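Everything quoted here is computed from the prediction, not taken from an experiment. In what follows, chains carry the letters A, B, and so on, assigned in the order in which the sequence lines appear, proteins first and then strands, with residues in each chain numbered from 1.
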2 protein chains.
Amino acid sequence: MPRREEPDIPEARLIPEATVARLPLYYRALLEIADQSIGTVSSEQLAELAGVNAAKVRKDLSHLGSYGTRGVGYDVEHLVGEVSRELGLTRDWPVAILGLGNLGRALANYRGFGARGFRIVALVDADPDKVGQAVGDLTIEPVEALSSIVAQRRVAIGVIATPAPAAQAVADRLVAAGVASILNFAPTVVVVPPEVTLRKVDLATELQILSFYQQHRRRVPDRARV
Amino acid sequence: MPRREEPDIPEARLIPEATVARLPLYYRALLEIADQSIGTVSSEQLAELAGVNAAKVRKDLSHLGSYGTRGVGYDVEHLVGEVSRELGLTRDWPVAILGLGNLGRALANYRGFGARGFRIVALVDADPDKVGQAVGDLTIEPVEALSSIVAQRRVAIGVIATPAPAAQAVADRLVAAGVASILNFAPTVVVVPPEVTLRKVDLATELQILSFYQQHRRRVPDRARV
DNA sequence: CAGCGCTTGTGACCGCGTGCACAAGCGCGG
DNA sequence: CCGCGCTTGTGCACGCGGTCACAAGCGCTG
């Protein structure tokens, strides 16, 4: 096990991981508010829309800087700008989808996917029968071409939608090609070097967690349902 | 993160939320080990396969009871039994999928979905044009029939795969029908009463988090977001 | 221009989760 | 039957994140 690297460059503003995970919620809430031509928003209102509490909103936003006005609230337009800048949504992120089974195809066709900043630029599969097929505007390409695809199209994010047994090999190829951000849908543990950011979305895991709580649900007799 | 219910009745064995979230990982690892006819497994080996550290494995498993043997390890077969019992995987959980766009159809066809214990028993959509269509072995039914479907087929888990604007209404219908476990794929905040367990899987959010770290070029601990 | 109401920003506290390190305990070999 | 090596189970300390509550500060009004 490699020893953890020391943070030699102390970051001026480092934003807590928990806060980063909530920024997208605020972003979405802010877009809705902006659509309604509302000038300012309070932490209370934003909390309501994002499904968190107001103190958290204030503390989270304070990490980005002091963009609020006491007694008034936050300027919606300005805050949208700050949050989207912080999240990197002012740039364009080329995305590659790896594995085009049911899930991969659904992702490729998912409109909300490429909504803001994310653009699918490549579809890759190891199956020779799938290579050459068209999915939406793109054509499925062979996994052997991954390296040059990543380099030429500046792929920043790889989305793994392969069967579990293929996931680690695909991740290794992505890392070797220089992709530093990976979203894994395959139901298996994928190991990447520490400089690569890996997030996972796991259906089976989510269902099993639900199953746990469902089973352990306390049997409160006839509690009124809301 | 779902808020914990007030402990008015002190639960004998209450398992930390973080542990519950890791049990599926152990379960999957244990199944792989069991396939290789290995009798016992150490916390170290299990940790390797589950992508966590050994101390955590031991502490997590200790919450289920003392099923290990010092100097030896854990009996694989026995542990599989205990974990699957704890996760409620010895039962059958009827699942309904709400909304059959790209994602809903992919979920309906996803093999790994119904792998263990989870059985899709209903597909529901609000669009009259989709009602009656066949997807796999099932036929899409109207959302108006949801209540009776849930009652008759004992639906325990609802999977929301509708567009964002429809999600809250569908969730309300599910709750009203008595479904206490909901998995939300729609990119929006859904509010449910506290006795209902809600988990969410959000593509856009995940991508935006990746985008943040990509832009800030800083290594982030490979933490499981489960 | 002073006072008042409203909302932000943050200091302080607290509880959960994590990791370390070690004692407890099991089995095996001599 | 005793000692040794291996692995579990856990006490402890620490840090992150969440919540509360309040001081600071802005704008409006009289």
Legend entry - Non-neighbouring partners of A/Tyr74 that pass ring pair (Phe, Tyr, Trp, His ring centres under 6.0 Å), sequence neighbours left out: none
Inset, instruction - Write down the distance between NE2 (B/His63) and P (C/dT18), rounded to a whole number of angstrom. - result: 10 Å
Inset, instruction - Verify the contact: side-chain N or O of B/Lys56 to OP1 or OP2 of C/dG17, cut-off strictly under 4.0 Å; return yes or no. - result: no
Inset, instruction - Measure from OH on A/Tyr74 to P on C/dC6 and round the result to the nearest Å. - result: 18 Å
Between protein and nucleotides 11-15 of chain D, what N or O pairs are separated by less than 3.5 Å?
unit_1, atom_1, unit_2, atom_2, d
D/dG11, O6, B/Lys59, NZ, 3.1
D/dC12, N4, B/Lys59, NZ, 3.4

Inset, instruction - Write out all pairs satisfying salt bridge (charged side-chain N to carboxylate O under 4.0 Å, His left out) with one or both partners inside residues 57-68 of chain A, taking only residues at least two apart or from two chains. - result: A/Arg22-A/Asp60
Inset, instruction - Take the protein atom CG of A/Asp60 and the nucleotide atom C1' of C/dG9, then report the distance between them rounded to whole Å. - result: 13 Å
Inset, instruction - Can you figure out which of D/dG17, C/dT8, D/dT7 approaches the side chain of A/Pro16 most closely? - result: D/dG17
Inset, instruction - Produce a footprint string for nucleotides 25-30 of chain D: one letter per nucleotide, 5' end first; B if the base is under 4.0 Å from any protein heavy atom, S if only the sugar-phosphate is, - if neither. - result: BBS---
Legend entry - Pairs satisfying salt bridge (charged side-chain N to carboxylate O under 4.0 Å, His left out), at least one member in residues 64-82 of chain B, at least two apart: B/Glu82-B/Arg85
Inset, instruction - Please list, chain by chain and in numerical order, all residues satisfying ring pair (Phe, Tyr, Trp, His ring centres under 6.0 Å) with A/Tyr26, sequence neighbours excluded. - result: none
Inset, instruction - Decide yes or no for B/Leu107 and A/Leu203: does some side-chain heavy atom of the first lie under 4.5 Å from some side-chain heavy atom of the second? - result: yes
Inset, instruction - List in chain and number order the residues that pass side chain to side chain contact (heavy atoms under 4.5 Å, CB included) with B/Ser211, two or more places apart in sequence or in another chain; answer none if no residue qualifies. - result: A/Leu89, A/Trp93, A/Phe118
Inset, instruction - Would you kindly give the CG-to-P distance between A/Leu61 and C/dT8, to the nearest whole Å? - result: 9 Å
Inset, instruction - Nearest-nucleotide wise, let me know which of A/Arg22 and A/Arg58 is further upstream toward the 5' end of DNA chain D. - result: A/Arg22
Inset, instruction - Describe the nucleic acid contact of B/Ser66 in one word from base, sugar-phosphate, nothing, applying a heavy-atom distance below 4.0 Å. - result: sugar-phosphate
Inset, instruction - Give the rounded distance in Å between these two atoms: CD of A/Glu44 and C1' of D/dC20. - result: 14 Å
Legend entry - 4.5 Å side-chain heavy-atom contact, B/Glu17 and A/Phe212: no
Legend entry - Closest nucleotide among C/dC20, C/dG17, C/dG9 to the B/Glu17 side chain: C/dG17
Throw together a table of side-chain donor-acceptor distances under 3.5 angstrom for residues 173-181 of chain B, partners on residues two or more places apart or in other chains.
unit_1, atom_1, unit_2, atom_2, d
B/Ser181, OG, A/Gln214, OE1, 2.5
B/Ser181, OG, A/Arg217, NH2, 3.3

If you look only at distance, which donor and acceptor atoms sit under 3.5 Å apart when one is on a side chain in residues 28-39 of chain B and the other is two or more places apart or in another chain?
unit_1, atom_1, unit_2, atom_2, d
B/Arg28, NE, A/Pro187, O, 3.2
B/Arg28, NH1, A/Asp202, OD2, 2.8
B/Arg28, NH2, A/Asp202, OD2, 2.8

Inset, instruction - Check the distance between D/dA21's P and A/Asn53's CG and give it to me in whole angstrom. - result: 13 Å
